[in-house]
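Computed from a prediction, not measured in an experiment: that's the story for all the values here.
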Amino acid sequence: MDGSRPGRPTLRSRLLLAGILALGLGSVPPGAAAAAKLRISDQLSPLDRQRPLRERTDFVVLHTTEGGDRSSLARIRHGGLAHYVVMTDGRVRRVISRQRVARHAGLSMWDGVRDLDQVSIGIEVVGYHNRPLTERQIEALRELLRQLKSIYKVSDERILCHSMIAYGNRNRWHRHAHRGRKRCGMQFAQPELRARLGLLSRPAFDPDVAAGRLVNADPHLVTVLFGPTGEAERVAASRFTGPDANVITAERTAWFIARDEFDQPSTIYEFPDGSRRRGHEVADWSRLPAGTRVLLGQDPPIETAWRVLGRDGYTAGEIAGSAYAAATTLYVRPDGRVLRGDQLRESDFRRLPNGTRVFLGFHYAGQVSTGRTAYQLCGPRYRNETTLYLLPGGAVRTGAQIREDRIPGGTLVLVAA
Ligand SMILES: [Zn+2]
């Protein structure tokens, strides 16, 4: 065995070392065999370097992506929406450096602490809140959690799921700020799964509801998250997991099924007559007929790939947030000029005309002309779904929707950063 020769690492220790380097640990953690199984690779979001460093790390928040491997990773990278993504084969992708802030929690509160993004690590597990994880995901997540717990000294009761910490402000269904905005990661509250993940305890109750800061808008979710295991929990869980769990009834509203994704373009309402409408196209929420099926996490239409100045916001900052001056934020003026966020001065931003389209997380590959084909501009990526073609008339197509020999001259090509 070459391990007996000094100075020559064994395969296992090399894998272990790779795992340690990948996580950025300074010292060798205990549990070497398990560590060897953890495979982390970098797929850093273009937003990573703009994200501020976190001052504290008091929580780890677990999510389910509600989608498949490819689309989940692309979406999470694009928005910098988690630190780690656990793929279905157990491999782990790092999307945001663990010292920085990832935007994974949204409107959130736990025990009076708000904006959990500032004090937590976010892990997205590819899959659905009401379906089992793969065995490899459980193994990888167990090891990832073990390492993070030892780095940050986070206790098991502070390994939470997104549905525990998310809350909603009052809306048409609820008169008070309330818990129950998300079902994300709900299964990570189950004691059996927690035990398999090496988590020996879970929170016993919702501290913000107990303190009166929030009301409980969903007794069934509460039972799943905090209730005793047994019949009651199974009955409650069946409301989320049964074959009709995504069908609207008198008591199961659009909000109950879709939570804060109810009005999003990625949520599709399929009416009893077979017609469909996306969340942002529904005008009257009191008239959704019983029997309407709600499909979550659908690929959003291509129109959501960009935002428009004067329609979605009035300043670059309003539209692009802290990424407004990033190299991967592109401004396409109505006259077709493409400007990069990092090349503009403050006064230039103020001069952008209404109708300017803002693309986040893209590089400009160039303009198609007689002498320059899409392939010459961006290579094999020309066919990617994430490559966008801005046609001279204003229409936009993806790489999956075009034929290279039919792209008109003057078309602008944007590739995902
Ligand atoms: Zn989530």
Side-chain angles (χ1 to χ4, degrees), residues 45-51 74-75 77-80 103 264-266 278-281 299-417:
S45 163
L47 300 173
D48 179 61
R49 276 185 297 169
Q50 303 156 24
R51 290 294 170 78
R75 180 177 58 79
R77 278 196 71 221
H78 188 73
R103 297 238 173 88
Q264 294 300 299
S266 58
R278 290 186 181 266
H280 68 300
E281 299 165 337
D299 280 340
I302 184 176
E303 290 76 22
T304 59
W306 67 86
R307 296 164 204 172
V308 180
L309 199 66
R311 183 192 77 185
D312 302 316
Y314 291 96
T315 65
E318 255 177 65
I319 287 203
S322 61
Y324 79 98
T328 55
T329 298
L330 301 180
Y331 296 86
V332 182
R333 293 163 41 117
D335 64 8
R337 267 188 70 194
V338 182
L339 305 164
R340 253 171 56 182
D342 64 334
Q343 294 174 335
L344 296 174
R345 289 168 306 182
E346 291 302 321
S347 56
D348 296 330
F349 285 114
R350 286 196 291 276
R351 270 189 236 118
L352 289 169
N354 279 348
T356 295
R357 287 184 281 182
V358 186
F359 295 81
L360 285 109
F362 284 93
H363 292 304
Y364 177 46
Q367 197 171 31
V368 175
S369 64
T370 340
R372 284 196 299 179
T373 64
Y375 188 87
Q376 285 168 327
L377 290 172
C378 61
R381 286 189 291 177
Y382 84 92
R383 292 175 61 180
N384 285 7
E385 250 176 275
T386 52
T387 297
L388 299 182
Y389 292 86
L390 280 55
L391 307 185
V396 181
R397 300 278 180 274
T398 70
Q401 295 169 329
I402 52 106
R403 271 189 55 178
E404 201 204 2
D405 54 355
R406 297 230 181 122
I407 302 171
T411 296
L412 311 176
V413 184
L414 311 186
V415 295

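In this structure, L412 and Y364 have side chains that are in contact, with non-hydrogen atoms separated by less than 4.5 Å. Looking at heavy atoms from C-beta onward, P46 lies in side-chain contact with R77 at the 4.5 angstrom threshold. For the pair Q343 and D348, the minimum side-chain heavy-atom distance is 4.5 Å or more.
Counting only distance, with no hydrogens or angles, the side chain of N384 and the backbone of T386 share no donor-acceptor pair below 3.5 Å. Looking at E318, its side chain does come within 3.5 Å of a backbone N or O of Y314 through a donor-acceptor pair. Between the side chain of R397 and the main chain of I402, no donor-acceptor pair closer than 3.5 Å is present. Formation of a donor-acceptor pair under 3.5 Å by the Q376 side chain with backbone atoms of T373 is found in this model. A donor-acceptor pair is defined here as one N or O able to donate and one able to accept, closer than 3.5 Å; no such pair exists between the side chain of R372 and the backbone of G366.
More than 12 heavy atoms of other shown residues, nucleotides or ligands fall within 6.0 angstrom of atom CZ in R333. Few gaps surround CZ on R75; more than 12 heavy atoms of other groups in view lie less than 6.0 Å from it.
Looking at every heavy atom in both residues, V415 comes nearest to A365 through CG1-CB, 4.4 Å. The nearest pair of heavy atoms linking L330 to L414 is CD1-CD2, 3.7 Å. Of all the heavy atoms in H363 and T328, the pair that sits closest is CE1-CG2, 3.6 Å. When all heavy atoms of T329 and A323 are compared, the closest pair comes out as OG1-O, 2.7 Å. A pairwise comparison of heavy atoms in V413 and C378 identifies CG1-SG, 4.1 Å as the closest pair. In this structure, W306 and R357 approach most closely via the heavy-atom pair NE1-CD, 3.4 Å.
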Which side-chain N or O atoms in residues 387-395 pair as donor and acceptor under 3.5 Å with protein atoms at least two apart or in another chain?
from: T387; atom 1: OG1; to: R381; atom 2: O; distance (Å): 2.8
from: Y389; atom 1: OH; to: Y382; atom 2: O; distance (Å): 2.8

Please test V338 against Q367 for side-chain contact (heavy atoms from CB on, under 4.5 Å), starting from the C-alpha separation and ending with a verdict.
-> CA-CA 10 Å; V338 182; Q367 197 171 31; over 6 Å; no
Residues F362, R340; criterion side-chain contact (heavy atoms from CB on, under 4.5 Å); working and verdict | CA-CA 10 Å; F362 284 93; R340 253 171 56 182; over 6 Å; no
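Salt bridge annotation for D335-R337: absent, with no cationic side-chain nitrogen under 4.0 angstrom from a carboxylate oxygen.
Ring geometry, Y331 versus F349: the interplanar angle exceeds 60°, so the pair is classed perpendicular (tilted spans 30 to 60°).
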